[in-house]
Each structure stands twice: as structure tokens, then as C-alpha cells.
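Structure, as C-alpha cells:
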Amino acid sequence: MFEDGWGLSLIVFLPVVGAGAVLLIPRAQEQAQKLTALLFAGASFALSVFLAIGFDYGVAGFQANTAADTTWIGAINSHYHIGVDGISLPLLVLSTLMTLLSIVYSWNHWPEPENPKAFLVLILVLATGMAGTFVALDLILFFVFFEVVLLPMYFMIGIWGDKNKVKLPVVERVVEMRIYASLKFFLFTLFGSAFMLLGFLALYFRSGDGAAQRTFDIVELSMRSDLFTGVFAFWVFAALFLGFAVKVPMFPFHTWLPDAHTAAPTVGSVLLAAILLKLGTYGFVRIALPILPNEAEEWAWFIGVLAVIGIIYASLACLAQTDMKRLIAFSSVGHMGFVMLGIATLTDIGINAAIIGMVAHGAITGMLFFVVGSMSHRYHTRDMARLGGNQKLMPIMGGIFGFVAMASLGLPGLAGFWGEFMALLASWQPAAALSTDLFRTLMVIGAVGTVLTAGYMLWMLQRVNFGEPPEEWSSHELHDVDKWEMAAWVPLLAGILVLGVFPRLVFGATNDAVIEMIEAGWRFVGG
Amino acid sequence: MDFDYHALLPEIILAGTVVGVLLVDLSPAPKYWTAIVGLLGVFAAAIPILTLGFCGDLAFCDDSGVRSMLGDSYVVDKFSLVLKGLFLGAAFLSLLLSVSYLERDRYWEGEFYFLMLASTLGAVVMASSRDLVTMFVGLELVTGPTFLMTGWRKGDPRSNEAALKFFIIGVLSAAVLLFGMGLVYGATGEITFEGIRAASANLPDRSDALFNLGVLFTILGFAFKVSAVPFHFWTPDTYEGAPTPVTAYLSVVSKAAGFVGLLAIAYLAFAEARVNVWGPALWILAAVSMTVGNLVALRQTNIVRMLGYSSIAQGGFMLVPFGAALASNATSVQLESVFSATVTYLLIYAFMNLGAFGVVIAVRNRLGSSEIDDWSGLFRYAPGLATLLAIFFFSLAGIPPLAGWFAKFVMFRAALSIGGGWVIALAVIAVVNAVIAFAYYAKVVKSTWFDEVPTELETDALASERVIPSLKLALGIAALAVIVLGVFPDLVAGLGNLTTGFVE
């Protein structure tokens with residue numbers, strides 16, 4: 001059933017079909033809406049698992065039997081070209097899984113104002129955008145999917161987001177957090193991606209003489225990377241960098257992230273952290289590096305330095321937070337810093353680290369947002385100063401929280417370890433063209449960052465989980481983890497453990513593809 | 001003289017409909033028949049466009065390629081067919097929008113449809129005209145009736161003010177245009193576009209300046225029509241004061257007519273002045289229109305005024321390909337891509353802007369206000385309308401997968417296909433503007449989706465109100481077009497590429 005890309009197309013478009021189906025169900029029949037959404041998201045996930053099982057792990061590159069390539073917009077020579085290789089496969093599976101779990105979690109956790117129908121429709125549209133970005137092999141197709149995720153997330157933050165007031169800088173106006181955060185999120189990403197589109201167009205026009213030879217095809221462009229040189233390549237890389245770096249987000253483009261994550265409803269934060277951030281790093285690995293390998297070498301030191309600044313800056317910012325959710329949001333900036341450091345080394349170890357880092361961060365930080373969302377649902381506050389003794393009040397919730405926090409700080413044996421450890425390892429010996437001294441310095445600073453990470457995570461655990469509950473809560477009846485939460489969380493918790501013990505699950509898929517990419521990318525420079 | 005009746009059939013049917021509407025209005029038949037006759041007439045006029053377009057596949061049709069009449073003054077080619085299709089389609093939607101508006105507020109109906117159809121006829125004529133005089137007559141036929149339509153709400157002083165302002169500026173711009181055309185004729189001694197082009201290729205030195213000045217004034221005359229900054233100042237007041245369906249019509253059909261004239265004159269008649277005169281002039285107008293339109297739109301609180309400034313900015317985006325054409329080394333393939341970019345943008349813009357105004361009419365029917373703040377919480381009591389509003393506004397902002405993204409995309413593509421410092425600079429200005437524009441489109445979406453309903457509103461009563469069927473049909477068509485064209489832009493890109501025939 002995966003012949004001619006049918007299965008892949010179904011994985012991508014089943015959710016949006018589901019969104020259409022949910023729209024047709026009258027508003028009152030909530031149960032039917034939830035079941036429909038679950039069915040479509042489940043089918044999409046099941047297909048992606050079948051895809052992973054049937055995947056030929058011995059072969060690097062895109063698996064021809066699952067790919068599709070037909071003309072989409074003939075006028076601009078853009079194709080509906082989709083396919084998976086070892087790099088995109090883990091991320092595709094992660095995105096379909098997170099969608100499914102988000103729907104399960106939402107079953108009886110509707111943020112205010114409820115309206116499950118609209119919420120489900122948005123999750124499903126989001127799912128199509130996320131899965132589509134990971135399989136698109138045409139720049140225009142990639143761009144469209146990359147942008148499709150913006151609208152549902154915008155509405156999710158804007159409608160169901162945080163209603164606390166904030167005072168805006170500069171204009172001195174007081175608005176609700178959700179309004180500010182949703183617009184900021186959109187404007188930042190749009191700004192980056194608009195320049196990214198210019199970069200795509202520039203690549204297209206340089207890719208051949210005459211309309212017949214020009215192409216938007218990512219695979220094809222990667223093979224023509226010798227055409228893109230000099231000042232041209234510099235500006236194109238700058239445009240792509242802007243698009244992807246805002247999305248990752250890298251320091252100093254990260255300022256939208258803490259606001260968006262904090263303001264979003266729980267499921268919004270989960271999907272934002274688990275998948276949306278990966279679109280940026282994936283863009284680097286899939287587009288910027290293979291198509292502009294020489295320019296990537298020029299930029300590597302810059303990306304590496306920004307990544308490490310991000311790690312340190314985020315850790316220090318975390319130490320200053322009072323809001324649990326905001327703390328986790330900042331921790332994302334740090335973790336994505338490790339991912340970018342791995343990418344910046346331009347080695348197979350570094351890029352493998354980046355991909356397992358993405359998957360692990362998706363599972364762990366997604367899980368952290370789930371738990372914090374559930375906790376603030378019960379406490380009605382996220383202020384760590386008012387919390388404490390969570391372990392006593394809700395033993396299971398506290399246990400899970402502790403486990404995930406440990407995973408997040410990179411405890412060996414859990415998923416978070418591999419990404420950080422291997423990114424630092426790769427910095428010891430970066431690609432031949434890069435300065436070893438610089439990257440070794442970055443490695444040392446990054447290592448300090450892991451210590452700081454452990455520091456703020458433990459500090460958070462201490463303030464929230466340990467000790468005696470304050471009086472405020474001792475009289476409250478706080479119910480522990482319910483069955484829907486359990487159903488949504490157990491797969492992730494198991495995944496974190498299994499990935500930690502058995503990282504080959506990801507490396508097995510990625511390694512060949514990464515090595516192939518590196519060899520193909522740098523064959524011209526003989527690296 | 002050889003007269004091709006098949007080629008002229010759209011104009012003939014439309015002219016017949018114009019008269020027919022008046023006759024029905026005089027008869028004792030109920031007034032809504034005038035609307036039905038008008039709609040049917042527009043629909044019927046679109047049929048010969050299809051038969052002409054697919055002429056090669058039809059047995060009865062004599063496919064002789066481009067049909068040229070009246071000494072090359074009137075030409076039916078693919079460009080004119082595509083744009084006539086656009087005008088008729090947009091007029092059809094504008095008529096549908098008008099029906100609900102006029103019925104609701106008891107305005108004169110027959111005369112209104114008569115005027116709107118006469119104006120559409122002018123636009124259709126413009127698409128085929130290939131000489132200065134026919135073009136001018138067509139343009140005035142577009143504009144004349146709109147002065148009256150703008151003042152249709154007789155009892156409202158704002159409507160009167162709008163009409164008067166529009167009239168004075170309209171006359172002024174006609175004078176500028178005629179002056180420019182006169183200079184061009186004086187310099188070249190020709191009025192057909194082909195003739196002007198041939199003559200301007202080897203002008204004597206002393207006529208050169210005259211010709212360039214003529215080109216500049218002609219272009220500026222059209223700049224009034226497409227409300228490019230700094231010739232835009234009539235636009236917001238006129239848009240706000242006019243009945244909303246008329247505003248929709250002005251912002252789409254009338255503006256598109258201006259662009260059609262500009263396209264034909266600039267690329268055909270003034271091809272020799274591209275690098276020196278109109279390329280740089282329209283580069284400036286494009287940059288300023290986008291920037292000023294967007295920045296001022298940011299501060300608007302009235303949705304119609306905001307859409308007015310938005311349409312100024314959108315006009316700026318449509319001018320970007322013109323500005324990109326200033327490169328002296330542009331090849332004909334590049335010019336074709338630049339030319340089709342503007343046409344493609346126009347085609348998509350028509351649907352999304354008419355849709356946006358359709359939503360404005362529907363919501364204003366319910367609330368009686370076009371202040372954005374009064375629309376707060378629309379999503380709570382009219383989720384359907386709020387969804388449509390989000391679709392059209394985000395499409396205007398250019399967010400995939402809604403059709404607007406492709407309009408912006410072809411615009412950027414045209415610019416980058418030419419390349420060069422000045423053109424890239426214009427593209428970057430356009431990128432920044434696309435981001436600014438998002439902020440005010442999002443403001444409306446924010447108000448309608450995120451904000452609370454004003455306390456004094458009776459939402460139960462509002463929720464039970466229905467949208468009038470004709471308006472529903474118009475909104476449905478526009479929304480469908482915006483979504484389908486966004487996912488399968490090839491449909492519209494193909495039309496855009498068809499039109500490139502006369503760029504050489």
C-alpha cells in the first residue's frame with residue numbers, strides 16, 4: 001500500500017480529511033467529533049508505524065518505493081515530490097505520534113473556552129502541516145507545509161491561550177498574554193520564512209539555464225550544489241538561515257518562544273515544543289546543508305557560537321524564572337542549542353546527534369509540557385513559589401515529573417543523554433575545514449551548559465516536588481493522574497526509556513542517510 | 001470592413017443586457033427581475049469567452065488565431081479573453097453582493113444594475129482596446145457610472161462627499177491621462193499601440209523628451225485609477241462613503257481595469273520607454289504604495305477604511321513586477337514572467353478581495369457597524385462568517401494554503417527572475433511589507449476570534465440571523481476559489497501564462 005507514495009500521502013493528508021469530517025459533525029455531538037479525530041490521527045500514526053517497519057534500513061537515501069513525484073504547479077515547475085529517508089523517518093513518526101497523543105490527552109482536558117470541535121480541527125490541520133514538512137522534497141511544497149502550521153497554532157494560542165495581562169514593552173499597553181504571544185509568534189516566523197522563500201527562488205533561478213532545467217527539487221538541487229557559490233551562496237544561505245533560525249529558535253531570534261510556549265494551551269505547547277521547533281532544525285539538515293555545503297562551512301562557526309550562546313543564555317534565564325512553564329520554554333532554547341551545535345560540526349556524529357536530539361527533545365519536552373499543564377490545571381497556578389510537596393500531594397504525577405525532568409537534564413540511560421553527549425563529542429573533532437580550537441572551546445562551554453541544565457532542572461524539582469506542601473494546598477482535594485493522561489503519557493515515558501537504553505532505534509535509521517548526505521555534500525571540496 | 005461577430009459577442013451580449021435591465025425596470029415586473037436579468041446577462045456574456053478560448057477544439061469555430069479588428073485598434077487575443085473573464089466573474093460576484101445590499105436598504109435597483117453593467121462593459125472593452133482613444137473611452141465608461149454608484153446612498157452626506165471627491169479626482173486623472181496621451185500622439189503621430197511602439201523606436205532627438213513626458217503623464221493618469229501612492233488620497237474616503245458593494249466593485253473591477261490599461265500600454269505601446277521612464281517610475285510607486293498603504297492601514301479602526309488602505313498596498317504588490325521590469329538587460333522570457341505575475345496577482349486578488357467585502361457586508365447587515373472593535377467575538381455567535389473572514393483576510397496576507405500566497409509568490413518570482421540590485425531591493429521591500437500587512441489583517445481576525453463579545457450585544461438574536469442566499473452564493477464561490485486556487489495554483493498560473501503573448 002505504500003507504492004507510488006500513496007501511503008505517505010495518506011499519512012500526511014488523513015488528518016486534514018479528518019478535520020473536514022469533524023467540521024461536518026454538528027457541534028453538540030462532542031463524542032462523535034472526538035472519535036472521528038482519534039480515528040484519523042490513529043490511522044495516520046498506524047500508517048507511519050507500518051512505514052517504519054517496512055523501511056529498508058540497509059539503504060541510504062530516499063526510498064523509491066514509498067516516494068511520489070508528480071507535477072503540482074506546472075507553471076513554476078514545482079512538483080508534488082514526497083519521500084522519506086532515514087533522517088525524516090523518525091521525525092515523521094514522532095509527529096504523527098504526538099498528534100495522536102494530543103488528541104487522547106485532550107479527551108477531557110479542554111482549555112477554556114472549550115469548543116472541542118474547533119480545537120480538534122486545528123490539531124488535525126496542524127498534523128498535516130507537520131507531517132508534510134518532514135516528507136516534502138520540493139522547496140515550494142516544503143514552504144507551503146512549513147507555513148500551514150502557523151495558522152492553527154496562531155488560533156490555538158489566541159483562542160485558548162493564557163488570559164493573564166501583560167504590559168507590552170515600548171508601547172506601554174496592557175493586553176492579554178495570548179493576544180500578544182500569538183501575534184508575536186506569527187510575525188517572527190513569517191518574517192523569517194518570507195526571506196526563506198526569496199532564498200528558495202534564488203536557488204531556483206540559479207539551478208539551470210532556461211525554464212526546462214530549473215528546479216525546486218531538493219534532491220536535485222543537492223546534486224547541483226556546485227552551482228551555488230560565492231556571494232550568491234552567501235546571501236541565499238543568509239536568507240535560509242533567517243527562516244530556519246527563527247523557527248528553531250536560535251539566539252537571538254528566540255524571543256517569541258517563551259511567550260508563545262507560556263501562553264499556549266497545554267496541547268499547543270506540547271506540539272510547539274515537540275514538533276514545530278524541529279521544522280527549523282530539519283530545514284537546516286534537509287535543505288541548507290546539502291544544497292549549500294560550502295557555504296555551510298563558512299557559516300558553521302557562526303552557527304556554533306550562536307548555539308552555545310543559546311545554551312548558556314537559556315540556562316541562566318531558566319534560573320531566573322518563577323513560572324514553571326516559562327522555565328521549560330527557556331530550557332527548549334538550550335536544548336535546541338545542542339541540536340544546532342551538533343549540526344554546526346558538519347560531521348556525521350554531530351548530525352546524528354542532532355536528529356536523536358530532536359526526537360528526544362520532542363518526547364521529553366512534550367512530556368514536560370503535558371505534566372506541567374496537568375499540574376497547573378489542578379493548582380490553577382504555575383508560580384513555583386506557591387507550589388511545593390507535589391510528590392506528597394500527587395505521588396504518581398510527582399514521580400512522572402521527576403522522571404521527565406531527569407530525562408531533560410540528560411541523565412545517561414534516558415533519551416536526552418544521547419543528543420547532548422554526542423553533540424559535545426562531535427565538537428571535539430569537527431569537520432576538517434572547521435577550526436578545531438573554536439569547536440573545542442564551544443564544547444567546553446557547552447559542557448558547562450549541561451551542568452547548568454542539571455542545576456535548574458533540579459532546582460525546579462526541589463521547589464515543586466519536594467518538601468512539605470504549603471498550607472494553601474494541604475486542604476485541597478487534588479486528584480492524581482487520570483486515565484486519559486495515563487494513556488497519553490505512557491507511550492512517551494516508555495519511549496524516553498527505550499531510546500535512552502537503545503538509541504539504535506533512531507541511529508539505525510539516520511546513520512546511513514547522514515553519512516550519505518555528508519559524502520554527497522562535500523564531494524566537491526574533498527572533505 | 002471585416003467584422004468578427006463571434007469575437008465581439010461578449011460585448012454585444014453585455015450591451016444587450018444593459019438595455020435589457022432598463023427595459024425590465026420600466027416594465028411592471030418585480031424589481032428583483034432586474035438583478036436576475038443582469039446576472040444572467042453576465043453569465044451569458046462569459047459563454048462566448050469560453051468558445052473563443054477553446055476555439056481550436058470546437059467544430060463550428062474558425063480558429064484564426066488572434067482576432068484583430070478596426071485596423072488593429074480592437075484585438076481579441078488570449079490576454080483580453082482572460083481579463084474579460086476576470087471582469088465578468090468579478091462583476092457577477094459584485095452583482096450578487098449588491099442584491100442583498102440594495103434589497104435590504106430599499107435603494108433604486110434597476111438603475112444601479114444598469115450602471116454597474118455599463119461600467120463592466122467599459123472594462124471588457126478596455127481589455128481588447130489597442131489604441132489610445134479606444135482605451136480612453138473604455139476607461140471613462142468604467143469610471144463614469146461608478147461616480148453615480150458611489151453616491152447611491154443619497155441621504156448620507158458621507159456618500160455624497162465620497163462621490164464628489166471621487167468625481168473631482170476622476171476628472172483630474174482623466175485630464176492628466178489625456179494630456180499624456182496627447183503628448184505621445186504629438187511625439188509619435190500614432191495612436192495604435194503597435195504604431196506608437198514602432199515610431200518610438202527611432203524618434204528624432206527633439207521628440208524624445210516629449211515622448212518620455214507623455215509616457216510619464218499617461219502612467220501617472222493610470223496611477224490615479226489604481227490608487228497608487230501618492231495618487232491614492234481619494235481612495236479611503238470614497239471607499240468608506242460608498243455603498244459597500246460599490247466599494248468592492250471599485251477595489252476589484254475598476255482597479256483591475258486600471259491595471260489592464262497599464263499592462264497593455266506599458267508593455268506594448270511604451271515598450272521602448274520601459275527602462276528609462278515607466279520602469280523606474282513604477283518602481284517608486286510600487287515601493288511607496290506598499291509601504292504607505294500598509295503603515296496607514298495598521299492604524300485604521302474602521303474595517304472598510306482598512307480594506308481601502310489594504311487595497312492600496314495590494315496595488316503596490318501588483319506594481320512590483322512593473323518596477324522589476326526596469327532592468328535594461330531583461331530578456332523576453334523574463335518580461336513574460338513579469339507580465340504574467342501581475343495578471344496572476346489580479347486574478348487571485350479579485351476573489352479574495354470580493355470575498356472580504358462580502359463578509360464585511362454580511363457582518364454589517366447584522367451589527368450595523370464597521371468599526372473593528374464592534375466586531376469582537378464574532379466567532380462566538382457567527383462561527384461561519386468568522387471562518388470566512390479569516391480565510392479571506394489570511395489569503396490577503398498571503399498565508400498558504402490560501403490562494404494569496406501564490407499571488408505573492410509569483411510577484412517575488414518575477415522580481416528574482418530578473419535580479420539585479422534595484423530589483424532585489426524592491427523584492428526585499430515587498431517582503432518586509434508582506435510581514436507588516438499581516439499585522440493588520442491579523443488585527444481583525446484577533447478581534448473577531450479572540451476577543452470577548454461586547455456586553456451590550458444580544459448574541460442569541462444575532463446568532464439566529466441568516467445570511468441572504470445571494471450573498472451566501474457569492475461568499476461560497478469566493479471561498480471555494482481561494483481555497484482551491486491556493487492548493488492547486490496551476491489553474492490560475494496557467495491563465496496568467498496564457499496572457500504573455502504580446503510581450504516581445
Side-chain angles (χ1 to χ4, degrees), chain A residues 16 23 27 71-76 78 113 115 117-118 121 125 128-129 132 140-141 143-148 150-151 154-155 157-161 163 175-176 178-179 182-183 186-206 210-211 214 232 235 239, chain B residues 331 333-334 336-337 340 344 377 379-380 383 386-387 390-391 394 397-402 405-406 408-410 412-419 424 427-428 430-439 442-443 445-447 449-452 486-498:
Chain A
V16 83
L23 270 181
R27 204 163 170 177
T71 301
W72 174 41
I73 314 176
I76 57 168
S78 169
N115 199 346
K117 182 173 170 179
V121 168
V125 174
T128 289
I140 300 306
L141 193 63
F143 169 77
V144 169
F145 281 125
F146 194 81
E147 299 280 287
V148 163
L150 296 184
L151 283 183
Y154 172 75
F155 284 110
I157 299 175
I159 299 177
W160 290 276
K163 290 197 173 56
V175 294
E176 287 182 26
R178 62 194 171 115
I179 308 263
S182 57
L183 187 62
F186 210 123
L187 283 182
F188 267 65
T189 325
L190 193 67
F191 184 78
S193 57
F195 280 101
M196 182 182 85
L197 183 62
L198 287 190
F200 287 174
L201 277 165
L203 285 174
Y204 171 79
F205 284 113
R206 192 52 79 90
R214 290 178 185 156
F232 171 82
W235 285 109
Chain B
T331 63
V333 177
Q334 288 170 332
E336 276 175 12
S337 107
S340 71
T344 311
F379 175 62
R380 307 286 159 78
T387 306
I391 288 175
F394 281 132
I399 309 296
L402 302 164
W405 81 268
F406 192 70
K408 295 245 161 54
F409 175 82
V410 287
F412 289 130
R413 180 171 177 272
L416 287 192
S417 80
I418 294 214
I424 302 289
V428 170
V431 163
V432 174
N433 270 293
V435 179
I436 299 176
F438 176 79
K443 186 164 104 176
V445 174
K446 179 218 110 186
S447 174
W449 284 72
F450 302 168
D451 287 352
E452 299 297 328
V487 180
F488 301 105
D490 227 6
L491 301 170
V492 70
L495 289 177
N497 284 351
L498 277 182

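Residue numbers start from 1 in every chain, and the chains themselves are labelled A, B, ... in the order their sequence lines are given, proteins ahead of strands. Computed from a predicted structure; not experimentally measured.
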Which region of Ser193(A), side chain (C-beta onward) or backbone (N, CA, C, O), has a non-hydrogen atom less than 4.5 Å from a non-hydrogen atom of chain B, or is it both or neither?
-> neither
Per-residue contact mode, Ala415(B) against chain A (heavy atom under 4.5 angstrom) = neither
From Phe438(B) atom CZ to Leu190(A) atom CG, the distance as rounded to the nearest 0.5 Å | 6.5 Å
Measure the CD1-CH2 distance between Ile140(A) and Trp405(B) for me, rounded to the nearest 0.5 Å.
-> 6.0 Å
Looking only at atom types and distance, does a side-chain atom of Arg413(B) sit under 3.5 Å from a main-chain N or O of Ile76(A), one as donor and one as acceptor?
-> no
Would you mind checking which part of Phe412(B) comes under 4.5 Å of any heavy atom in chain A, side chain (CB onward), backbone (N, CA, C, O), both or neither?
-> both
Which of Ala439(B), Pro489(B), Ala434(B) touches chain A most, by non-hydrogen pairs under 4.5 Å = Pro489(B)
Can you tell me how far the NZ atom of Lys163(A) sits from the CD atom of Glu452(B), to the nearest 0.5 Å?
-> 6.5 Å
With respect to chain B, which residue among Leu151(A), Asn115(A), Thr71(A) yields the maximal number of heavy-atom pairs within a distance under 4.5 Å?
-> Leu151(A)
Nearest 0.5 Å please: distance from the CD1 atom of Ile424(B) over to the CG atom of Leu198(A).
-> 7.5 Å
Could you tell me whether the side chain of Asp451(B) reaches within less than 4.5 Å of the side chain of Ile179(A), counting heavy atoms only?
-> yes
Short side-chain to backbone donor-acceptor contact, Trp72(A) and Asp490(B), under 3.5 Å = no
Nearest-0.5 Å distance, CD1 of residue Ile399(B) to CZ of residue Phe186(A) = 4.0 Å
Out of Gly158(A), Ala118(A), Ser78(A), which one racks up the most heavy-atom pairs below 4.5 Å with chain B?
-> Gly158(A)
For the candidates Phe145(A), Trp160(A), Phe205(A), which exhibits the highest count of non-hydrogen atom pairs separated by less than 4.5 Å from chain B?
-> Phe205(A)
Where on Phe191(A) is there a heavy atom nearer than 4.5 Å to chain B: the side chain, the backbone, both, or neither?
-> both
Partners meeting salt bridge (charged side-chain N to carboxylate O under 4.0 Å, His left out) with Lys443(B) (sequence neighbours left out) = none
Between Leu491(B), Val428(B), Leu416(B), which has the largest tally of heavy atom pairs under 4.5 Å with chain A?
-> Leu416(B)
So what's closer than 4.5 Å to chain B heavy atoms on Lys117(A): side chain, backbone, both or neither?
-> neither
Distance (rounded to the nearest 0.5 Å) between Phe409(B) CZ and Phe143(A) CZ | 8.5 Å
Indicate, with yes or no, if the rings of Tyr154(A) and Phe450(B) have centres closer together than 6.0 Å.
-> yes
Under 4.5 Å heavy-atom distance to chain B, tell me which part of Arg178(A) shows up: side chain, backbone, both or neither.
-> side chain
Where does Phe146(A) contact chain B at under 4.5 Å (heavy atoms): side chain, backbone, both or neither?
-> neither
Residues that Thr189(A) engages under side chain to side chain contact (heavy atoms under 4.5 Å, CB included), provided they are two or more places apart | Leu150(A), Phe185(A), Lys247(A)
Does the ring centre of Phe155(A) sit less than 6.0 Å away from the ring centre of Phe379(B)?
-> no
